[in-house]
Asker: 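Pasting a structure below so you can have a look.
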2 protein chains.
Amino acid sequence: MAKILKMPLEPLSRAAATTAPQDVLREDAATFEVLRQMREDILCCVLKPDQRLRFGELRQRYDTSVGTLREALSHLVSEGLARTEAGRGFTVAPVSLADFLDLSELRVYLETRTLADAIRHGTDSWEAEIVSAYFLLSKLGPPMPDDPVGVKREWGKRHKRFHDSLVATCTSPWSLHFRSELFDQARRYHWLTMIHARSRRPNEHLALRDAVLARDVDLSCRLTEKHIRTTVDQAVSEVPGLTMDRASGRSIRPSRRNKR
Amino acid sequence: MAKILKMPLEPLSRAAATTAPQDVLREDAATFEVLRQMREDILCCVLKPDQRLRFGELRQRYDTSVGTLREALSHLVSEGLARTEAGRGFTVAPVSLADFLDLSELRVYLETRTLADAIRHGTDSWEAEIVSAYFLLSKLGPPMPDDPVGVKREWGKRHKRFHDSLVATCTSPWSLHFRSELFDQARRYHWLTMIHARSRRPNEHLALRDAVLARDVDLSCRLTEKHIRTTVDQAVSEVPGLTMDRASGRSIRPSRRNKR
DNA sequence: GTAAACGGTTTTTTCGAAATTTTCGAAACT
DNA sequence: AGTTTCGAAAATTTCGAAAAAACCGTTTAC
């Protein structure tokens with residue numbers, strides 16, 4: 001009956017079903033749960049930028065051991081959500097305008113690259129998931145500063161799910177991987193925006209959904225680019241702390257797009 | 001006195017001196033040394049693709065404890081050099097043609113993006129380091145399959161140093177970070193090439209060096225792109241194991257470069 | 001008055017053993 | 001014969017304590 005066939009041995013560099021780089025630790029293990037919680041707490045600024053992460057407090061907060069914490073923190077450092085120095089422990093990664101501009105520029109490329117490929121390889125179930133994810137998103141948003149935290153959190157989850165669904169059929173594991181990391185990074189700044197920004201924006205997600213479902217690569221990418229850039233502009237103009245640091249706030253927005 | 005002023009509280013998003021994402025753990029700590037060694041061993045295929053990494057053997061090989069090993073392995077998973085599954089430990093990440101093609105395509109973009117920006121922000125000391133790094137590289141290479149392992153390793157180090165020096169003045173921390181990760185990934189395949197390939201190539205590094213020192217962005221990027229693609233082609237045609245797996249070996253090489 | 005030196009306290013880092021889970025082969029059953 | 005069940009062995013995961021390092025307020029010397 002439905003059992004996996006026994007393989008002779010390790011074919012020594014077999015073509016894995018998923019040649020993907022990696023994406024997440026293991027779904028169940030205890031370390032993963034701690035990692036997931038800490039990531040969420042950093043993304044939602046429960047753990048504030050530059051905050052010192054002492055093992056004592058963390059051990060209490062997440063009810064786990066030092067070793068497990070260390071492994072989770074180690075992962076967060078790799079993802080760029082935490083920092084660590086020689087012998088003085090861990091801190092939450094700082095936020096800055098320069099950082100937001102930099103990562104947003106790279107996001108424009110990775111989001112459009114993955115989206116274009118995803119559209120070309122789209123399937124029916126891909127479309128179905130997009131429709132579904134958009135529906136859930138539209139039922140909620142957009143959240144305003146006065147909304148309770150729970151609503152904001154849920155919106156964040158659905159927002160991520162929607163954008164993930166768009167690029168789900170992209171065939172480049174590495175592009176998807178980096179896109180995902182940068183998307184999470186951007187979520188920190190989105191959270192700050194959600195807390196402060198009061199201005200409303202036209203429903204960019206609906207337009208994007210329709211462009212993608214229409215398989216219009218050019219329009220979809222243009223909308224995506226604008227979506228990202230608008231979010232940056234909104235954050236810059238409406239989030240108090242973010243305009244203050246003038247630390248080399250220029251990004252490398254490529255002046256000539258098509259260089260050859 | 002030169003002491004850091006006490007801050008009232010957490011300024012909630014101060015402009016950090018280095019807004020960089022991250023790059024490496026801590027320079028000294030024992031974990032870092034183990035991580036460095038393991039990474040090198042994976043890159044040079046001392047630990048072979050798909051090989052199971054048991055704590056028993058590893059503990060003996062690197063003379064360290066389980067916890068330290070776990071932290072290092074955890075990092076390697078984040079970097080895509082290892083995998084881990086629910087309760088069955090760690091393995092070395094597999095290699096495949098599809099993976100090499102995919103990461104190489106993304107490398108073309110990231111290398112040219114960072115290089116173009118680095119050239120625009122180049123300084124005298126940047127040029128000096130390039131000259132120096134090239135000199136060291138040219139004294140050694142290129143290594144042939146018959147050369148001893150030590151020579152190959154040293155060449156790999158100098159090759160990396162040369163390419164790192166080219167992009168050193170790039171102002172985008174995120175681009176540099178991802179570039180660096182992908183460069184290391186590519187090193188695994190370069191190693192396979194070094195072991196097998198007997199064909200000679202014209203001195204692409206010299207031409208690249210001169211184009212960069214001449215601040216010719218266009219030419220430098222074109223040479224870089226060709227450099228990466230040629231390496232892929234050489235690996236595909238001369239590394240035995242790499243052509244065998246036909247697992248969806250197509251990458252997403254963007255058909256239209258300038259989308260808008 | 002400034003700077004270096006000291007020691008107690010906190011915090012991080014490292015370690016190996018206990019607990020849990022998986023693996024694998026043999027026995028029992030259909 | 002083939003499949004399932006069971007139990008011993010092996011490997012992984014988790015944990016808290018011991019060791020090492022950094023921090024900070026105080027004292028001491030110049």
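Numbers restart at 1 for each chain; the letters A, B, ... are given by sequence-line order, proteins then strands.
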Asker: Starting the side chain at C-beta, find the nucleotide from dT13(C), dT14(D), dA11(D) nearest to Arg52(B).
Answerer: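 Of the options given, the side chain of Arg52(B) lies nearest dA11(D).
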Asker: To the nearest Å, give me how far apart CD (Glu71(B)) and P (dT12(D)) are.
Answerer: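 So the CD-P distance, Glu71(B) to dT12(D), works out to 18 Å.
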Asker: Please lay out, stage by stage, how Thr169(B) and His121(B) fare under the test side chain to side chain donor-acceptor pair (under 3.5 Å).
Answerer: CA-CA 6 Å; Thr169(B) 51; His121(B) 296 89; over 6 Å; no
Asker: Measure CZ/Arg70(B) against C1'/dG16(C) and give the value in whole Å, please.
Answerer: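 Taking atom C1' of dG16(C) as the reference, CZ of Arg70(B) is at 14 Å.
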Asker: Under 6.0 Å from the ring centre and within 45 degrees of the ring axis: does the NZ or CZ of Arg179(B) meet both conditions for the six-membered ring of Phe183(B)?
Answerer: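 Satisfied, under 6.0 Å and within 45°.
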Asker: Can you tell me if the side-chain N/O atoms of Thr31(A) get under 4.0 Å from OP1 or OP2 in dT14(D)?
Answerer: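 So the side chain of Thr31(A) is within the cut-off, an N or O lying under 4.0 Å from OP1 or OP2 of dT14(D).
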Asker: Where does the angle between the aromatic ring planes of Trp155(B) and His159(B) fall among parallel (under 30°), tilted (30 to 60°) and perpendicular (over 60°)?
Answerer: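 Parallel.
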Asker: Could you tell me the separation between the CZ atom of Arg107(A) and the CD1 atom of Ile228(A), rounded to the nearest 0.5 Å?
Answerer: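 With rounding to 0.5 Å, CZ (Arg107(A)) is 4.5 Å from CD1 (Ile228(A)).
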Asker: In whole angstrom, what separates Leu69(B)'s CG from dA11(D)'s C1'?
Answerer: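 Rounding to the nearest Å, CG of Leu69(B) and C1' of dA11(D) are 14 Å apart.
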Asker: Whole-Å distance between dT11(C) C1' and Leu73(A) CG?
Answerer: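 Taking CG of Leu73(A) and C1' of dT11(C), I get 14 Å after rounding.
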Asker: In residues 53-67 of chain A, what residues come within less than 4.0 Å of DNA chain C, judged by heavy atoms?
Answerer: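 Listed by number, they are Leu53(A), Arg54(A), Phe55(A), Val66(A).
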Asker: Treating Thr84(A) as the side-chain partner and Gly89(A) as the backbone partner, does any N or O pair qualify as donor plus acceptor under 3.5 Å?
Answerer: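 A pair under 3.5 Å: yes.
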Asker: Side-chain N or O of Arg88(A) less than 4.0 angstrom from OP1 or OP2 on dT12(C)?
Answerer: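 No.
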Asker: Applying side chain to side chain contact (heavy atoms under 4.5 Å, CB included), name anything that partners Leu136(B), two or more places apart in sequence or on another chain.
Answerer: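 By the side chain to side chain contact (heavy atoms under 4.5 Å, CB included) rule, Leu136(B) matches Arg158(B), Arg161(B).
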